[in-house]
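Position 1 is the first residue of the sequence; numbering continues from there. Here the structure is a predicted model, which is why all the values come from computation and not from measurement.
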Amino acid sequence: MKDKKENIEELEKEKEEVTLEEQAEEQQTQEPTAEEQLAKAQERIAELEDKNLRMMAEFDNFRRRTNKEKLELMETAGERIFKEMLPLVDDFERAVAATQDEGVKLIYQKFLSFLDKNDVHPIQTEDADFNTDEHEAVTTFAAGEEKKGKVIDCTQKGYKLGDKVIRFAKVVVGE
């Protein structure tokens, strides 16, 4: 009986050892190794760093774009107001031409000074070559060869706000 008892004990020990070995193998297959965990962590870090860089670049582009839009808005904010003032300039010019009143001339000069300070300048038309970027041809007039393609007369002054045309000069062009 002792032999049977010893055999049973030995079998149980072997069974226990086999079970322990199987459990150890299962744990190894289920749990990633430290190297695998490190590789996964490094991959995740690289992914997050890339995402962070992209978001920073996107934000930087957004900031630049809004700053540019603000700058453009500030530069041309008064454009509508100056456009609406131009008929007043025309009226002043007609008043100065029609009268010798020094008060009207003084006010006209102050008005021109105000426009100049705000970077509003008349477009040059006298003896200028016709330029579609600044001039609008109202009509053409037969002229000599030396006046061909040149501005002969200006019917309405044009103006620029900085480098931007806010009103085209209406001109007669020589043919």
Side-chain angles (χ1 to χ4, degrees), residues 2-92 109-126 128-138 149 151 154 156-171 173:
K2 233 180 178 185
D3 273 339
K4 280 185 179 181
K5 199 173 187 183
E6 283 177 11
N7 280 342
I8 292 174
E9 285 177 10
E10 280 179 28
L11 287 174
E12 285 178 3
K13 277 185 183 180
E14 284 178 21
K15 188 178 174 183
E16 241 179 70
E17 286 175 9
V18 169
T19 309
L20 288 173
E21 287 175 7
E22 286 175 358
Q23 287 176 352
E25 285 177 17
E26 276 183 33
Q27 285 179 349
Q28 285 179 351
T29 57
Q30 289 177 356
E31 292 180 22
T33 64
E35 290 145 358
E36 291 172 339
Q37 288 177 342
L38 179 62
K40 280 185 181 180
Q42 287 174 336
E43 187 178 306
R44 180 72 175 147
I45 288 170
E47 180 183 314
L48 291 173
E49 284 177 343
D50 182 56
K51 188 176 181 181
N52 185 34
L53 282 174
R54 289 179 190 277
M55 289 186 79
M56 286 173 54
E58 188 176 323
F59 179 74
D60 195 40
N61 289 340
F62 169 77
R63 187 178 46 79
R64 281 191 204 134
R65 187 174 55 248
T66 53
N67 284 342
K68 182 181 175 186
E69 288 171 358
K70 284 179 186 177
L71 184 62
E72 287 175 0
L73 184 63
M74 286 176 16
E75 287 176 354
T76 59
E79 181 179 344
R80 192 180 114 251
I81 294 169
F82 290 121
K83 271 184 177 179
E84 291 180 13
M85 283 184 174
L86 296 179
L88 297 173
V89 175
D90 296 338
D91 291 343
F92 265 121
Q109 289 302 320
K110 284 184 178 182
F111 198 50
L112 289 181
S113 175
F114 166 77
L115 291 176
D116 188 52
K117 285 179 186 174
N118 287 284
D119 206 22
V120 177
H121 306 284
I123 295 173
Q124 183 67 301
T125 58
E126 195 171 316
D129 290 331
F130 178 70
N131 179 356
T132 57
D133 293 334
E134 296 179 341
H135 305 126
E136 180 182 330
V138 176
V151 174
C154 180
Q156 184 181 42
K157 274 187 176 181
Y159 289 89
K160 286 183 169 185
L161 176 58
D163 290 333
K164 184 178 181 185
V165 175
I166 58 174
R167 183 170 83 180
F168 289 91
K170 293 184 180 181
V171 296
V173 181

Can you list the residues that meet the side-chain hydrogen bond (donor to acceptor under 3.5 Å, both in side chains) rule with Asn118, with sequence neighbours excluded? none
What distance do Ile166 atom CD1 and Glu84 atom CD have between them, rounded to the nearest 0.5 Å? 11.0 Å
From CA spacing to verdict: side chain to side chain contact (heavy atoms under 4.5 Å, CB included), Arg167, Val89: CA-CA 12 Å; Arg167 183 170 83 180; Val89 175; over 6 Å; no
side-chain contact (heavy atoms from CB on, under 4.5 Å) partners for Gln124, two or more places apart: Glu126
For Arg63, what residues pass the salt bridge (Lys or Arg N to Asp or Glu O under 4.0 Å) criterion, not counting sequence neighbours? Asp60
Closest heavy-atom pair, Asp133 versus Phe168, reported as atoms and distance to 0.1 Å, is O-CE2, 3.3 Å
My understanding is that only residues two or more places apart in sequence, or in another chain, count here; which of them pass salt bridge (Lys or Arg N to Asp or Glu O under 4.0 Å) with Lys157? Glu93
Taking atom CG of Asn67 as the centre, report whether more than 12 heavy atoms of other residues, nucleotides or ligands fall under 6.0 Å from it. yes
Report the residues that fulfil salt bridge (Lys or Arg N to Asp or Glu O under 4.0 Å) with Asp129, sequence neighbours left out, ordered by chain and then residue number. Lys150
How long is the gap from CD on Glu136 to CZ on Phe130, to the nearest 0.5 Å? 8.5 Å
All N/O donor-acceptor pairs, side-chain side in residues 36-47, below 3.5 Å, sequence neighbours left out:
unit_1, atom_1, unit_2, atom_2, d
Glu36, OE1, Thr33, N, 3.0
Arg44, NH1, Glu47, OE2, 3.0

Report, one line per pair, each donor and acceptor closer than 3.5 Å where one atom sits in a side chain of residues 109-116; sequence neighbours left out.
unit_1, atom_1, unit_2, atom_2, d
Asp116, OD1, His121, ND1, 3.1

What residues, two or more places apart in sequence or in another chain, satisfy side-chain contact (heavy atoms from CB on, under 4.5 Å) together with Arg65? Phe62, Glu69
side-chain contact (heavy atoms from CB on, under 4.5 Å) partners of Lys160, counting only residues at least two apart: Ile123, Glu134, Val165
Tell me, please, which residues at least two apart from Asp119 pass salt bridge (Lys or Arg N to Asp or Glu O under 4.0 Å). none
Nearest 0.5 Å, what's the NZ-CZ distance between Lys83 and Arg80? 10.5 Å
